[in-house]
**Q** 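First, the structure itself, so that you have it in front of you.
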Amino acid sequence: MTENHETIDALQWEKRTFAPSEAFKKNSLVVGTHLYDEANEDYEAFWARQAEELVTWAKPWDTICEWNLPFSKWFVGGQLNVSYNCLDRHVLAGKGDKVAIHFEGEPGDTRTVTYAQLLDEVQKFSNVLKGLGVQKGDRVNIYLPMIVEAVVAMLACARIGAAHSVVFGGFSSQALADRINDAEAKVLITADGGYRRGEVFALKPQADEALENTTTVTSVVVVQRGNNPVDMKQGRDHWYHELMATASNDCPAEPMDSEQLLFLLYTSGTTGKPKGIMHTTGGYLTHVTFTHKYVFDLNPEKDIYWCTADVGWITGHSYIVYGPLSNGATQVIYEGVPNFPGNDRMWNIINKYKVTIFYTAPTAIRTYMKWGVEEPAKHDLSSLRLLGSVGEPINPEAWMWYHENIGRGNCPIVDTWWQTETGGIMISPLPGATTTKPGSATFPLPGVGAELLDDAGKPVTRGGGYLTLTHPWPGMLRGIWKDPDRYKDAYWSRFEGRYFAGDGAKLDDDGYLWLLGRVDDVMNVSGHRISTTEVESALVSHPAVAEAAVVGANDATTGQAIIAYVTLVGGSEVDEQVLRNHVASEIGAIAKPKTIYFTPDLPKTRSGKIMRRLLRDVAEGRNLGDTTTLADANVVNELQKRAAEAPSED
Ligand code: WTA
């Protein structure tokens, strides 16, 4: 089954399939292949039809797409306002009283915001920003907890044509300073603090520290949330509620060019300084509105949608703020952690608001697995009709757990592959039309071109390869802020004329795509190129294992040896040898880990991705490099101790 010359060996072939049920199909937006057929004919015309149907334009475009490889422009000459599309048009259509956001604070406080109220607050804050001297084309930094004001701030920027740059509230003052400096932001919007795990974490003091190392910010707006004591610098710092109290609620939405910069969002990547990913107006809004509607099969009159991401990540931008609001959806926003006050908080919220669509990440699902099925079983989850996953490959067993315990066996799961750079979902099932397989993101969406290539750039039709995108799409990044050369080098240099952003994938006999993780993580064991994802999924398929991270460490005999870090399901025990044999029987002896470390937690980035680079350092006994992007640095210290103590077993 494995050949030495393969780009990435494909070891695991999943057989289970799940067709959409008749009951689901009955009310679904798309049940056949017509959208795919239409897009295959002419993808530009397809996207143009979506832009016309789903988005309201102040002025029609002249050209659908200008493609000057690798730079694209969409709906050129057209004008629109994103905040108008997310707010005004729903209110004008008589839906002002419809709930836009059910906000649930971590301490249990709640706030219900209708579309009319949100429009009112956004207009006021737009005037506040103008009053602070913000003009079209300026950049505004946002450093807030997951509160309604974060949505207001983003939409107010969009309304007046200022680009926002949101920095996740968990990032350090240094990370904030770097991003403010790169974007040359004029205003910073932050809060005194927010709630996390039952305590207030301070944001304003971090912001103050960052501002000592920046020169461009002239005003700071501070939302009162944590009620923790903060210093307000005279002339620079203002309370949000004080500015809002006197602001006019009349700020008409000004039409923007389709290619007006909407936001910058920084991704750290594996090396070098963070890249300011640029997204613009018309194409981005079309992409996220279309995908949010069809991938989540949205019925805005009936559905209660909940995406658990933070607004600091692209998922929060596209599938909390812009996609759902443009579609006039009702959604839940939750401020805090999933285990406060108990391990069942998420399930409690689903029942409380009767959530119908739930979109979360594999890392969260594996954590829920670890906490046990008793937690969701405490709550009535029968309102749910559709589940989604994003951020990492979802292991087939995690998929099955999600399907059975959260979806109660009758909710389709959409595993959505995309990136900060792609702006919106690219590869995913359409839930009423696609038969899913656990762990596969299935097929490119209509209007998206994807192809696997081998080392030589030749198409792969079965087995593993590099995932490339074959033609431009409306939500694609327009570049890296102030660095066009880096843009070309990072995404367009590996394969001629193709977008490649570092993921491996495989194709099965039915043409389904299976994401295999970052190609930088692929291990080379005795000439076999094995993806970490497949070995991790084999480990997770053992009933005692909740989560696994696998890395290749230098090995004198085999080139690299597979080292696994495993977290068990609460209360379980299992012998290392049993797990090694389990992997051998699941996917082959070649993939058997040389050493397995048991650990209560894995090192993850703050967005929940496993930090394999650090685990490689641990496995090879190196000093750890940069650990500042880690969510919890203690995890690694603990692992280092164990690695030093445990002799590797062969
Ligand atoms: C990974 C998050 C497998 C992938 C939206 C990608 C996934 C990176 C999936 C982008 C998925 C995201 N299956 N892998 N469904 N979704 N990824 O920029 O490696 O935070 O390149 O965007 O996450 O991460 P980012």
Side-chain angles (χ1 to χ4, degrees), residues 8 166 168 171 263-270 274-279 284 287-288 291-292 295 307-320 322-323 359-366 387-396 398-399 402 413-429 434 436-445 448 450 464 466-469 475-477 480 490-491 494 499-506 512-522 531-534 536-537 604-613 629 631:
I8 305 172
V166 183
F168 173 55
F171 272 138
F263 64 83
L264 299 177
L265 185 59
Y266 286 82
T267 67
S268 20
T270 44
K275 304 188 278 257
I277 303 299
M278 296 160 66
H279 283 290
Y284 172 80
H287 189 159
V288 299
T291 48
H292 182 259
V295 171
C307 165
T308 66
D310 189 282
V311 282
W313 313 121
I314 190 68
T315 307
H317 284 57
S318 301
Y319 299 108
I320 292 177
Y322 295 114
Y359 189 30
T360 193
T363 178
I365 296 166
R366 293 185 305 250
L387 304 174
S389 169
V390 59
E392 281 185 294
I394 177 164
N395 320 102
W399 195 104
Y402 197 29
I413 297 179
V414 287
D415 172 13
T416 63
W417 178 89
W418 59 295
Q419 306 175 305
T420 303
E421 292 87 343
T422 69
I425 298 169
M426 302 295 280
I427 302 177
S428 166
T434 313
T436 55
K437 300 187 185 187
S440 169
T442 71
F443 308 104
L445 288 177
V448 171
Y466 302 101
L467 177 61
T468 69
L469 300 171
M476 74 183 274
L477 74 167
I480 296 174
Y491 305 109
R494 178 68 178 82
Y499 173 88
F500 173 60
D503 281 345
K506 71 182 176 193
Y512 280 66
L513 276 164
W514 303 75
L515 275 300
L516 293 176
R518 310 291 297 170
V519 293
D520 302 342
D521 293 329
V522 169
S531 92
T532 53
T533 302
E534 292 207 307
E536 287 162 7
S537 290
K604 292 186 185 157
T605 65
R606 291 186 167 89
S607 67
K609 296 193 204 307
I610 295 170
M611 297 265 289
R612 292 189 187 72
R613 176 178 60 77
T629 49

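Whatever order the structure lists them in is the order used to number ligands and atoms, beginning at 1. Start at 1 with the first residue, then count along the sequence.
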**Q** Heavy-atom contacts with Leu515 under 4.0 Å: which atoms of ligand 1 show up? List them by number with element.
**A**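 In order of numbering, the contacting atoms are 3 (C), 13 (N).
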**Q** For Lys609, is there any backbone N or O sitting under 3.5 Å from a side-chain donor or acceptor partner on Thr605?
**A**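 Yes; at least one donor-acceptor contact below 3.5 Å.
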**Q** Within the 4.5 Å heavy-atom criterion, are Met426 and Leu445 side-chain neighbours or not?
**A**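 Not touching, per the 4.5 Å side-chain cut-off.
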**Q** Is ligand 1 less than 4.0 angstrom away from at least one heavy atom of Trp418?
**A**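 Within the 4.0 Å threshold, so yes.
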**Q** Geometry only, no angles: is Glu421 polar-contacting ligand 1 at N/O separations under 3.5 Å?
**A**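 No: no nitrogen or oxygen of Glu421 is under 3.5 Å from one in ligand 1.
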**Q** Select the closest option to atom 3 (C) of ligand 1 among Gly388, Gly423, Pro362, Pro393, judged by heavy-atom distance.
**A**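 When every heavy atom of Gly388, Gly423, Pro362, Pro393 is considered, Pro393 comes closest to atom 3 (C) of ligand 1.
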**Q** With a 4.5 Å heavy-atom cut-off, do Leu477 and Met278 have their side chains touching?
**A**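 They are not in contact (no side-chain heavy atoms under 4.5 Å apart), so the answer is no.
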**Q** Pull out every atom of ligand 1 sitting under 4.0 Å from any heavy atom of Thr416, numbered as shown with elements.
**A**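 Within the 4.0 Å cut-off of Thr416, ligand 1 contributes 9 (C), 11 (C), 15 (N), 16 (N).
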**Q** Could you list the atoms of ligand 1 found under 4.0 angstrom from a heavy atom of Arg518?
**A**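 Contacts of ligand 1 toward Arg518, numbered from 1: 19 (O), 21 (O).
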**Q** Quick one: which ligand 1 atoms are inside 4.0 Å of a heavy atom on Thr315?
**A**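 Checking each atom against Thr315, I get 5 (C).
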**Q** Could you check atom 13 (N) of ligand 1 against the protein and tell me its nearest heavy-atom contact, residue, atom and distance included?
**A**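 That would be Glu392 O, 3.2 Å.
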**Q** If you measure from each non-hydrogen atom of Lys609 to ligand 1, which part falls under 4.0 Å: side chain, backbone, both or neither?
**A**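 For Lys609, the contact with ligand 1 is made by the side chain alone.
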**Q** Please verify the inter-ring angle class for Phe171 with Trp313; under 30° counts as parallel, over 60° as perpendicular, anything in between as tilted.
**A**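 Aromatic pair Phe171/Trp313 classed perpendicular.
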**Q** Can a cation-pi geometry be assigned to Arg494 and Tyr466, taking NZ or CZ under 6.0 Å from the six-membered ring centre and within 45° of the ring axis?
**A**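 Yes, cation above the ring, under 6.0 Å and within 45°.
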**Q** Checking the N or O distance criterion of under 3.5 Å, is ligand 1 in contact with Thr267?
**A**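 Looking only at distances, the answer is no, because the N/O contact criterion of under 3.5 Å is not met.
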**Q** Tell me, do Leu516 and Glu534 make a side-chain contact under 4.5 Å, heavy atoms counted?
**A**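 With C-beta onward as the side chain, the pair touches.
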**Q** Starting from atom 19 (O) of ligand 1, locate the nearest protein heavy atom and write down its residue, its atom name and how far away it is, to 0.1 Å.
**A**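 Ranking protein heavy atoms by distance from atom 19 (O) of ligand 1, first comes Asp503 OD1, 2.8 Å.
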**Q** Keeping Thr422 on the side-chain end and Met476 on the backbone end, is there a donor-acceptor pair under 3.5 Å?
**A**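 Judged by distance alone, no pair lies under 3.5 Å.
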**Q** Quick check on Gly391 - does any of its heavy atoms sit under 4.0 Å from an atom of ligand 1?
**A**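 Distance cut 4.0 Å: Gly391 passes for ligand 1.
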**Q** Quick one: does Ile314 get a heavy atom under 4.0 Å from ligand 1?
**A**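 Ile314 counts as a contact of ligand 1 under the 4.0 Å cut-off.
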**Q** Give the atoms of ligand 1, by number and element, whose distance to some non-hydrogen atom of Thr420 is under 4.0 Å.
**A**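 The atoms of ligand 1 under 4.0 Å from a heavy atom of Thr420 are 18 (O), 20 (O), 22 (O), 25 (P).
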**Q** Do side-chain atoms of His317 reach the backbone of Val311 as a donor and acceptor pair under 3.5 angstrom?
**A**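 Such a contact is found between His317 side chain and Val311 backbone.
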**Q** Between Trp418 and Tyr319, what is the ring plane arrangement, given parallel below 30°, perpendicular above 60°, and tilted in between?
**A**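 Ring orientation of Trp418 relative to Tyr319: perpendicular.
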